[in-house]
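A short write-up of the structure that comes next.
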Protein chains: 4
Amino acid sequence: MSTERRGGRTRSPEAHQAVLTAAAELLEEHGYQTLTIEKIAARSGVAKSTIYRWWRSRPELVMEAYTQTVDRRMPEPDTGSVQSDLAVFVTELYRVVKHPLRVRTLRGLMAEAQLDEDFREPFRAWVNSRRAIVAHLLERGVERGELDPGLDIGHATDLIFGPFWYRLLVEHEPLDPADAAAHVTRLIKGLRRTQGSEVK
Amino acid sequence: MSTERRGGRTRSPEAHQAVLTAAAELLEEHGYQTLTIEKIAARSGVAKSTIYRWWRSRPELVMEAYTQTVDRRMPEPDTGSVQSDLAVFVTELYRVVKHPLRVRTLRGLMAEAQLDEDFREPFRAWVNSRRAIVAHLLERGVERGELDPGLDIGHATDLIFGPFWYRLLVEHEPLDPADAAAHVTRLIKGLRRTQGSEVK
Amino acid sequence: MSTERRGGRTRSPEAHQAVLTAAAELLEEHGYQTLTIEKIAARSGVAKSTIYRWWRSRPELVMEAYTQTVDRRMPEPDTGSVQSDLAVFVTELYRVVKHPLRVRTLRGLMAEAQLDEDFREPFRAWVNSRRAIVAHLLERGVERGELDPGLDIGHATDLIFGPFWYRLLVEHEPLDPADAAAHVTRLIKGLRRTQGSEVK
Amino acid sequence: MSTERRGGRTRSPEAHQAVLTAAAELLEEHGYQTLTIEKIAARSGVAKSTIYRWWRSRPELVMEAYTQTVDRRMPEPDTGSVQSDLAVFVTELYRVVKHPLRVRTLRGLMAEAQLDEDFREPFRAWVNSRRAIVAHLLERGVERGELDPGLDIGHATDLIFGPFWYRLLVEHEPLDPADAAAHVTRLIKGLRRTQGSEVK
DNA sequence: ACATAACCGAGACGGTACGTCAGGTCTTGAC
DNA sequence: GTCAAGACCTGACGTACCGTCTCGGTTATGT
């Protein structure tokens, strides 16, 4: 290996897992804002210094806990049409509201990405990994001729995720999986290939 | 009058303004996350206790500073067509990126709204005051027959603000005022009245 | 007179009394250490500024409340013998312990005299007014030939008040009016064994 | 050992000492009333939180500083007679007035014992440790037949310390080590005129 | 009679220190 | 070399009172 290990105790998987589990539990019980490294250490029985050895900050730890314990992979549907592909995806996306723990976590991570300069990049990478799925669905729609060939994939993807995050963060109106299909329908109308389309 | 004043020294406008100015300066210089009440007190020469007398928390103070000192009123255009009305509005909306101070503040406030339970409602109220402008433009478009009469105004408004906030917060792609018109054009295609439209 | 009064509203006796009463009540209810000018103002309905106009500090206010409302004049007995004069005086002195309010106040005032430079002199004056009574009893005893003509009145007075304050302040042993006569007897007789000594 | 140490950084003796030294210096320079934990922290370079970890309150810290840095052990003389034993002790006791720092500290601690409920007991324990020395001298005097076998040791001890504290706290008359022997003599002999009394 | 001026309540203000909390680092001794 | 334990410095929190200072309004003279 490149990282030469010259003897010594190996990293404890128990400690690693205990930290993630404790973080998930505390998120569940008390939400994100009251989550502290000290409480995670106390709950997990893992020393604070050990936590700092393996994670650079609270949000990075939480993101690992989220992607490992809390979250389910986003679906990558292939139903034959963009519209139904997106309907499946968005329905699943909106379903997060059924799980308060996930909602809290997503909101907390987004908040941290604003406050913690070092976390912006990791968070953006995670966001982009989810954007890539939608972008791929859209590209396939373009190839199939379902969508405008001049489509701005970036903006189109934002039209999926933007309103989702906006409602999640502001809660001015509820986010309902039952609305997902309608939202997609309305969107598609604007993205669809038209006779004289020459957008951008 | 309803607000009965029965004696007592009057609130110092100098102190009030000094606090808001100091907050704006510190935001400009060092960003949101390092902004503390103590620094605002030190910079403004106003006592910490006086600040706590008038503002319940950092974000409420910052929001007042933003709406008073930093921000310009959003435009309420009336050009004759929804599309150009929205184009004007969104262009102005996107122009915020030309002012790093405003970007920082908006991102900070959104973050606080996630972390500070008491701030959610004031923040939501402010967000809704801006949503109302767009909602009004859209309603006028519906009345004029430019837009689908069954339009879900709430979702349509989210299609304006959602992608805006999403890019502002994640910065996965730049927010460019020059793209505003194209974004609006693409959106309108989906919202426009169609012969057999019966969405929702 | 020297203090020329050229018109103007006269001092409100109601406010004056309300302050002293409120101070006494708060002392009774919560003790000395939690007594603040702000609470006295709130309780009495008298403005803080009015209190500061008439009293320089908390202890001076409390001392006035004590000597006016709380305390009884010390007796100045004249029974015919020093021993019984002192016995009467000391019994009354020790009786203060039957009144927790007075105990708290005395202890509080003594504490303030240590911490507040400006209060030392007023406090000392009050202490001396009580010392003068005992000194007078002792001087009469000397004149009558009951006591040593070379008696150091100052030290003798301290032998009366010193142990009293010491027990009041430290509470290492109880202060009991029933012990007063014995203490006086022991003082007068002395500690040394004499032919007919049978103290206690 | 009884005190099990299972890992953990050990308490820093430097920090411990620096706090006590800083407290003593500040007492020396500015007295007790202006002594604050914050100033001790600033002067010593030890964090406020570290100070609060080891001392529950300002007076407990000061008492440790006093007994460690400032004060000298009280003497426990054994000259062969109570009178001279006491004379030695009281002379040393009164000598405290030669050291303003000690006077301030004693007065401050006594004040705190009145204001801080939690400090009363520790303070009383310290007072009692000094009383025990005098009580022992007196008991030896009783055993030797020098003193009245029915002597109330408690009150007799108060006759030593009471006047001392009283003068220290009120300063109505000076406390002079040169007077110590005379005070003891008077105590022992008593106030009553006896055939051969020639006090002072 | 009425102006003057001291009084009074209310309460805002600049301060100081409090005691707490969490962050992130470092040290010790066990494994 | 990693781990649990926990001491350490740092910095900000939000609170409590302090003593001072406007305010607007009241009440006694004294001319």
Side-chain angles (χ1 to χ4, degrees), chain A residues 5-12 14-16 34-42 44-54 56-58, chain B residues 4-16 34-39 41-42 44-54 56-58, chain C residues 4-12 14-16 18 34-42 44-54 56-58, chain D residues 4-16 34-39 41-42 44-54 56-58:
Chain A
R5 292 262 295 88
R6 317 198 323 89
R9 188 172 175 174
T10 59
R11 178 175 184 182
S12 158
E14 291 80 9
H16 184 187
T34 62
L35 186 71
T36 65
I37 299 283
E38 300 223 317
K39 282 178 188 161
I40 295 173
S44 65
V46 171
K48 223 167 39 149
S49 54
T50 301
I51 296 178
Y52 279 108
R53 191 190 313 281
W54 298 109
R56 286 195 304 168
S57 64
R58 176 177 69 156
Chain B
E4 40 182 334
R5 279 267 301 97
R6 315 203 328 87
R9 186 173 176 175
T10 52
R11 180 174 185 181
S12 159
E14 291 80 11
H16 184 181
T34 62
L35 186 70
T36 65
I37 299 282
E38 299 223 318
K39 281 178 190 159
S44 65
V46 171
K48 210 165 51 145
S49 54
T50 300
I51 297 178
Y52 278 107
R53 191 193 311 282
W54 298 109
R56 287 194 305 168
S57 63
R58 178 177 65 157
Chain C
E4 41 182 335
R5 292 264 295 90
R6 317 200 324 90
R9 186 175 177 173
T10 56
R11 179 175 185 181
S12 158
E14 291 80 10
H16 184 186
T34 62
L35 186 71
T36 64
I37 299 283
E38 299 225 317
K39 282 177 189 161
I40 295 172
S44 65
V46 170
K48 221 168 36 148
S49 54
T50 301
I51 296 178
Y52 279 107
R53 191 191 311 280
W54 298 110
R56 286 196 304 168
S57 64
R58 177 178 68 157
Chain D
E4 39 182 337
R5 283 269 299 95
R6 316 200 328 87
R9 185 174 177 174
T10 53
R11 179 174 183 181
S12 158
E14 291 80 10
H16 184 182
T34 62
L35 186 71
T36 65
I37 299 282
E38 299 224 318
K39 281 178 190 158
S44 65
V46 171
K48 212 165 47 146
S49 55
T50 300
I51 296 177
Y52 279 107
R53 191 195 310 282
W54 297 109
R56 286 194 305 168
S57 63
R58 178 178 67 156

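Source: prediction; values computed, not measured.
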Picking from [options], which would you name as closest to the side chain of [X]?
{"X": "A:R53", "options": "F:dC13, E:dC8, F:dT2", "value": "F:dT2"}
{"X": "C:Y52", "options": "F:dG19, F:dC8, E:dG19", "value": "F:dG19"}
{"X": "D:T10", "options": "E:dC8, E:dT28, F:dC18", "value": "E:dT28"}

What integer distance in Å separates [X]:[atom1] from [N]:[atom2]?
{"X": "B:R11", "N": "F:dC21", "atom1": "CZ", "atom2": "P", "value": "22 Å"}
{"X": "A:L35", "N": "E:dG23", "atom1": "CG", "atom2": "C1'", "value": "14 Å"}
{"X": "B:R56", "N": "F:dC13", "atom1": "CZ", "atom2": "C1'", "value": "17 Å"}
{"X": "A:H16", "N": "F:dA4", "atom1": "NE2", "atom2": "P", "value": "13 Å"}
{"X": "A:R58", "N": "E:dA22", "atom1": "CZ", "atom2": "P", "value": "11 Å"}
{"X": "C:R9", "N": "E:dG9", "atom1": "CZ", "atom2": "P", "value": "8 Å"}
{"X": "A:E38", "N": "F:dC8", "atom1": "CD", "atom2": "C1'", "value": "12 Å"}
{"X": "B:K48", "N": "F:dC18", "atom1": "NZ", "atom2": "P", "value": "18 Å"}

Report task. Would you please confirm or rule out a distance under 4.0 Å between OP1 or OP2 of E:dC7 and any side-chain N or O of C:W54? Result ->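 So the side-chain polar atoms of C:W54 never come under 4.0 Å of the phosphate oxygens OP1 or OP2 of E:dC7.
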Query raised in the report: At under 4.0 Å, does any side-chain N or O of A:T50 touch on OP1 or OP2 of F:dA4?
Result: yes
Query raised in the report: Can you list the residues that meet the side-chain contact (heavy atoms from CB on, under 4.5 Å) rule with C:E14, with sequence neighbours excluded?
Result: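 In terms of side-chain contact (heavy atoms from CB on, under 4.5 Å), with neighbours along the sequence ignored, C:E14 is linked to C:S12.
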Query raised in the report: How far does CD1 of B:I51 sit from CZ of B:R58, to the nearest 0.5 angstrom?
Result: 13.0 Å
Query - Nearest-0.5 Å distance, NZ of residue C:K39 to OG1 of residue C:T34 - result: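 The distance works out to 4.5 Å.
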Query raised in the report: Can you find a donor-acceptor N/O pair under 3.5 angstrom joining the side chain of C:S49 to the base of E:dA10?
Result: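 Answer yes: a donor N or O sits under 3.5 Å from an acceptor.
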Report task. Hey, which sits more toward the 5' end of DNA chain E by its nearest nucleotide, D:T36 or B:S12? Result ->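 Taking each residue's closest nucleotide, the earlier one in sequence belongs to B:S12.
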Query raised in the report: Want to settle it: does A:A47 or D:G45 sit nearer the 5' end of DNA chain F, counting the closest nucleotide to each?
Result: A:A47
Report task. Output all residues satisfying salt bridge (Lys or Arg N to Asp or Glu O under 4.0 Å) with C:R56, sequence neighbours left out; order by chain, then residue number. Result ->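 Here the qualifying residues are C:E60.
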Query raised in the report: Closest heavy-atom contact between C:A47 and C:A41?
Result: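 In terms of heavy atoms, the two residues are closest at C-CB, 4.4 Å.
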